[in-house]
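What you see is a predicted model, and the numbers here were worked out from it, not measured in a lab.
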Amino acid sequence: SEAKAGRTDLIFLIRFRHCCLLRNQRCLLAYLYDRLLRIRALRWEYGSVLPNTIQFHMSAEEAEWFNRYKKSLATYMRSVGGEEGLDLTQDIKPPKSLYIEVRCLRDHGVFEVDDGTTILLKKNSQHFLPRWKCEQLIRQGVLEHILS
């Protein structure tokens, strides 16, 4: 109000403050955008269920955004690839072999393979399984890929 009344010496300070506010706004938006990119990457890395340690550090709005992104991705994957859909999150990198040797890091229970075979995943047990069936469990930390 004093600047409008004729004090022209305050115009510089008002412009400087306005530029500082705009800079802070840009920095805040860049930070929030980076967090959203990281949350989106978590969906591809961990799957549709995040570990509690990660969920603890997310705000309610970020958790809501993650759930909407998860649903949107699931809808898209169901629409592509015929009747069953196509799981785009299975093979992040192209596989070199279809079967891999894995070691169970913790008790998980019964695991069923496509041919109907059931395998009991107990701690420290080793199995030779199809890559695409156990890749999600590897990302969750249940199985460990044994490299020969």
Side-chain angles (χ1 to χ4, degrees), residues 1 3 10 12-148:
S1 63
L10 295 178
F12 172 74
L13 293 174
I14 293 171
R15 285 186 180 169
F16 179 72
R17 182 178 183 275
H18 183 68
C19 288
C20 290
L21 290 174
L22 289 177
R23 180 196 169 277
N24 290 346
Q25 182 184 23
R26 284 193 312 271
C27 291
L28 182 63
L29 289 174
Y31 170 76
L32 291 174
Y33 182 69
D34 183 61
R35 281 193 61 99
L36 286 182
L37 291 179
R38 289 173 190 252
I39 292 170
R40 184 176 69 180
L42 290 174
R43 167 59 180 97
W44 290 87
E45 184 178 343
Y46 289 101
S48 59
V49 179
L50 293 177
N52 290 334
T53 56
I54 293 176
Q55 286 181 353
F56 177 74
H57 294 289
M58 292 172 58
S59 69
E61 292 81 10
E62 290 172 337
E64 180 184 338
W65 187 90
F66 176 79
N67 288 330
R68 284 187 300 174
Y69 180 73
K70 175 177 64 173
K71 289 176 185 175
S72 175
L73 184 62
T75 302
Y76 176 72
M77 289 190 297
R78 276 193 304 272
S79 71
V80 178
E83 296 176 6
E84 297 177 10
L86 178 66
D87 190 0
L88 298 173
T89 62
Q90 280 298 322
D91 292 321
I92 302 298
K93 298 176 186 171
K96 293 183 180 178
S97 64
L98 296 178
Y99 286 84
I100 58 172
E101 190 173 359
V102 293
R103 178 183 299 120
C104 192
L105 299 175
R106 61 177 189 240
D107 291 336
H108 183 69
V110 178
F111 181 71
E112 186 174 348
V113 187
D114 283 342
D115 62 1
T117 308
T118 58
I119 299 168
L120 181 61
L121 296 177
K122 293 178 72 177
K123 186 174 182 175
N124 295 326
S125 62
Q126 293 185 4
H127 306 281
F128 196 65
L129 298 173
R131 175 184 294 274
W132 69 274
K133 282 296 279 186
C134 59
E135 197 165 82
Q136 189 73 23
L137 292 174
I138 291 172
R139 279 193 234 130
Q140 290 174 358
V142 175
L143 297 177
E144 173 187 39
H145 184 190
I146 300 173
L147 301 172
S148 302

Show me, pair by pair, the donor-acceptor contacts under 3.5 angstrom made by side chains of residues 102-109, not counting sequence neighbours?
| residue | atom | partner | partner atom | Å |
| --- | --- | --- | --- | --- |
| R103 | NH1 | E144 | OE1 | 3.1 |
| D107 | OD1 | K123 | N | 2.7 |

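Scanning for ring-ring contact (aromatic ring centres under 6.0 Å, His included) contacts around Y31 gives an empty result, with sequence neighbours left out. In this structure, N52 has no side-chain hydrogen bond (donor to acceptor under 3.5 Å, both in side chains) partners at least two apart in sequence or on a different chain. For the side-chain contact (heavy atoms from CB on, under 4.5 Å) test, residues two or more places apart in sequence or in another chain that qualify with L37 are Y33, R40. Every residue two or more places apart in sequence or in another chain that forms a salt bridge (Lys or Arg N to Asp or Glu O under 4.0 Å) with E62 is listed here: R35. With sequence neighbours excluded, no residue forms a side-chain hydrogen bond (donor to acceptor under 3.5 Å, both in side chains) with K71. Evaluation of the side-chain contact (heavy atoms from CB on, under 4.5 Å) rule for L32 yields L28 as partners, not counting sequence neighbours. Checked against side-chain hydrogen bond (donor to acceptor under 3.5 Å, both in side chains), T117 has the following partners two or more places apart in sequence or in another chain: D115. Partners of K133 according to the salt bridge (Lys or Arg N to Asp or Glu O under 4.0 Å) rule, which considers only residues two or more places apart in sequence or in another chain, are D114. Taking the side-chain hydrogen bond (donor to acceptor under 3.5 Å, both in side chains) definition, one finds that S48 meets it with nothing, sequence neighbours left out.
Heavy atoms only, all atoms of each residue included: F66 and R43 are closest at CE1-CB, 3.6 Å. Across all their heavy atoms, D34 and R38 have their closest contact at OD2-NE, 2.8 Å.
The side-chain hydrogen bond (donor to acceptor under 3.5 Å, both in side chains) analysis of residues 16-26, with sequence neighbours excluded, yields no pairs. For the ring pair (Phe, Tyr, Trp, His ring centres under 6.0 Å) condition, the pairs that include at least one residue of residues 67-87, sequence neighbours left out, are W65-Y69.
Separating the CG atom in L42 from the CD atom in Q55 is a distance of 10.5 Å, to the nearest 0.5 Å. For the atom pair Q126 CD and N124 CG, the distance stands at 8.5 Å (nearest 0.5 Å). The distance from the CG atom of L143 to the CD1 atom of I138 is 6.0 Å, given to the nearest 0.5 Å. Between atom CD1 of residue I119 and atom SG of residue C134 there is a gap of 9.5 Å, rounded to the nearest 0.5 Å. For the atom pair OH (Y46) and CD (Q140), the distance works out to 10.5 Å, reported to the nearest 0.5 Å. The line from OG of S125 to CG of L120 is 7.0 Å long, rounded to the nearest 0.5 Å.
Contact annotation: the side chain of L129 approaches that of F111 to within less than 4.5 Å [non-hydrogen atoms, C-beta and beyond].
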Could you walk me through whether L50 and M58 pass the side chain to side chain contact (heavy atoms under 4.5 Å, CB included) check?
CA-CA 11 Å; L50 293 177; M58 292 172 58; 3.7 Å; yes
